[in-house]
Amino acid sequence: MLIDRFERRINYLRISLTDRCNLRCIYCMPPEGERKLRHKDILRYEELLRIARIAIKLGINKIRLTGGEPLVRKGTQEFIPMLTALSGLDDVSLTTNGVCLKDNLETLKAAGIRRINVSLDSLKRLNFKLITRFDYFNEVWEGIEKARDMGFYPIKINIVIMKGINDNEVLDFARLAIEQPYHIRFIECMPIGLQTNSIAFVSNSEIEKTIVNRFGPLIPLSHGQNDGPAARFRFDGGKGEIGFINAISDPFCKDCNRLRLTANGVILPCLLSNTEVDIKDPLRRGCLDEEIMKVFLKAVNLKPQCHPLNCEHDQRVYRKMCSIGG
Ligand code: SAM
C-alpha cells in the first residue's frame, strides 16, 4: 500500500501519454507550441504497462490518461484496451480536449472506459478559437454529444474561467448543467507555466455567486469516490451537475490521493510543486520490479502536506501543464 507521511492513501495515478497537443490554449501553450520531447525520451507503451502493473501491486486502482492531448499519440487505440485489461484496476478514465473524441469513442467504449473529462473553455465557436487558437469547436461538441448518445457517463466538462475572456459564458455553462446530463466543473486557473502571468484570475466563489444569482440555489451533493477534489452541486430539477475545483482559493490537499507520471518518465508527487522522481532511468537500466516499487515509495514520501502556491505568492511551477496533464 502507498501511504504517505500524512496518512493519505495513494491509489490514483494520472499518466500523461504525450506532451503534444493539437490545441494551443492561451493559458497553457504559446502559439508556436512548446519544444517537443524526443521520441526516445517518451515512455513506450510497454514501459507504461509495466509501470501500471507494478503500481497496481502497490494499491493503485484508478488510472486517468491525459497529455498533452492523449488521443494524438499514435497507438492509443491498441494501448488503451491493454491497459484496461490489467487486473486490479477499478477505473480507467480519460481527459481530452475532445478534438479527436468522436473517432475514438468506439475503441474507448470497447475498452471499458465510461468516464470522460472534456476540457472546453467556451461554448461559442469564435471564443473557442480565440482561446485555443484552433477552429475545432464543432468537432469537440460533436464528440461530446456522441459520447452522451453512446452512454458514456459521467461526461465532465472542465472549464477554466478567465476574466474578460470567457467569464461572460458562466451562465451558459450553468444552463448546460440544467438542460443536459453533463457535469460542468469550474477549475480555478493555476499559476503553472508562463502563460498564466497575463490571465486575470476568477475565483470559484465569484462564479458560484453569479450562478446562484441567476438560477437560484445550488443543492450540495455528497462526495463520491470518483469525485476527486470537486465540490459537487445540482439544481433543483436539473439534469446535470455543477462542480467547483478550488485549486487556489481552497486547496484540497488533505484528500490528495494521486501521483502523476509524465510522458518523459518522471513521477510528480504534487501537481503544484517542482519536486520530481525519475522512473525512466531505472526502467531503462533493466531494473527489477522492486526498484520501480522503491521509486513509487520515494515519490509518495515526497508528497507535501499542502501545495506551496497561492495567488498572493508569486511562486510558479516550472513544468508546463501540457507536460503534466492536469
Ligand atoms: N489535452 C487534455 C485536455 O485538454 O483535457 C489533457 C491535458 S490539459 C493540460 C488538462 C487540463 O489542464 C485542461 O482542462 C486544461 O484546461 C487544464 N489547465 C492547463 N493549464 C492550466 C492552468 N494554468 N490552470 C488550470 N488548469 C489548467
Side-chain angles (χ1 to χ4, degrees), residues 14-30 33-34 63-73 76 93-101 104 108 113 115-122 127-128 131-134 136-137 139-141 143-144 147 155-163 165-166 169 173 182-204 207 228-230 243-249 251-252 258 260-263 268 271-273 307 309-311 314-326:
R14 295 173 68 103
I15 299 179
S16 172
L17 291 184
T18 175
D19 59 325
R20 298 174 196 207
C21 190
N22 44 3
L23 297 180
R24 297 280 179 272
C25 298
I26 50 174
Y27 53 90
C28 194
M29 278 209 203
E34 296 290 353
I63 288 182
R64 174 174 293 277
L65 299 175
T66 177
E69 169 49 38
L71 296 179
V72 299
R73 180 161 174 184
T76 46
S93 54
L94 176 83
T95 291
T96 173
N97 59 31
V99 174
C100 306
L101 186 58
N104 281 281
L108 295 172
I113 291 189
R115 299 190 317 107
I116 293 185
N117 288 11
V118 183
S119 305
L120 177 62
D121 295 326
S122 176
N127 212 23
F128 177 95
I131 294 170
T132 66
R133 301 188 174 108
F134 282 90
Y136 288 145
F137 175 77
E139 282 80 351
V140 177
W141 193 250
I144 291 175
I155 298 169
K156 294 182 183 165
I157 299 182
N158 291 339
I159 306 122
V160 175
I161 292 289
M162 297 158 276
K163 201 159 264 160
I165 295 177
N166 61 352
E169 295 195 47
F173 277 109
Y182 304 130
H183 292 196
I184 304 296
R185 302 202 313 178
F186 294 98
I187 304 179
E188 286 178 342
C189 192
M190 294 175 253
I192 299 189
L194 300 172
Q195 284 68 44
T196 47
N197 277 334
S198 53
I199 300 290
F201 178 80
V202 182
S203 75
N204 272 345
I207 293 172
F244 296 103
I245 301 193
N246 305 332
I248 298 301
S249 61
F252 33 75
R258 50 190 76 181
R260 293 176 167 82
L261 174 63
T262 66
L268 305 177
L271 171 67
L272 291 169
S273 93
H307 78 65
L309 309 184
N310 65 40
C311 289
D314 193 23
Q315 276 179 292
R316 306 224 124 246
V317 176
Y318 296 111
R319 267 186 179 278
K320 308 284 169 15
M321 203 58 143
C322 53
S323 76
I324 304 173

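Remember, it's 1-based here, ligands and their atoms both numbered in the order they're listed.
Each of I144, I159, N158 was compared with L120 under the side chain to side chain contact (heavy atoms under 4.5 Å, CB included) criterion, and only I144 meets it. With F128 as the partner, the side chain to side chain contact (heavy atoms under 4.5 Å, CB included) test is satisfied by one option alone out of N166, D121, L23: L23. When each of L17, N97, N22, T96 is paired with V72, the side chain to side chain contact (heavy atoms under 4.5 Å, CB included) condition holds for N22 and for no other.
Under 4.0 Å from ligand 1, the heavy atoms of V160 that appear belong solely to its side chain. If you look at L23 next to ligand 1, there are no close heavy atoms at all, none under 4.0 Å.
Atoms of ligand 1 lying under 4.0 Å from at least one heavy atom of E188, given by number and element, are 25 (C). For ligand 1 and T66, the ligand atoms under 4.0 Å from any heavy atom of the residue are 6 (C), 7 (C). Residue M190 has at least one heavy-atom neighbour below 4.0 Å for each of these atoms of ligand 1: 22 (C), 23 (N), 24 (N), 25 (C). Taking every non-hydrogen atom of Y27 and a distance limit under 4.0 Å, the qualifying atoms of ligand 1 come out as 15 (C), 16 (O), 18 (N), 19 (C), 20 (N), 21 (C), 27 (C).
For atom 4 (O) of ligand 1, the nearest non-hydrogen atom from the set S119, G68, C189 comes from S119. Taking all heavy atoms of M321, M162, R14 into account, the minimum distance to atom 9 (C) of ligand 1 is reached by M321.
Any N or O atom pair closer than 3.5 Å counts here, and T95 shares no such pair with ligand 1.
With R133 contributing its side chain and R24 its backbone, the two residues share a donor-acceptor pair below 3.5 Å.
Under the 4.5 Å side-chain criterion, counting only non-hydrogen atoms from C-beta, I131 is in contact with M162. Here the side chains of E169 and N127 are in contact, with some heavy-atom distance below 4.5 Å.
Taken from OG1 in T132 to CE in M29, the straight-line distance is 12.0 Å, to the nearest 0.5 Å.
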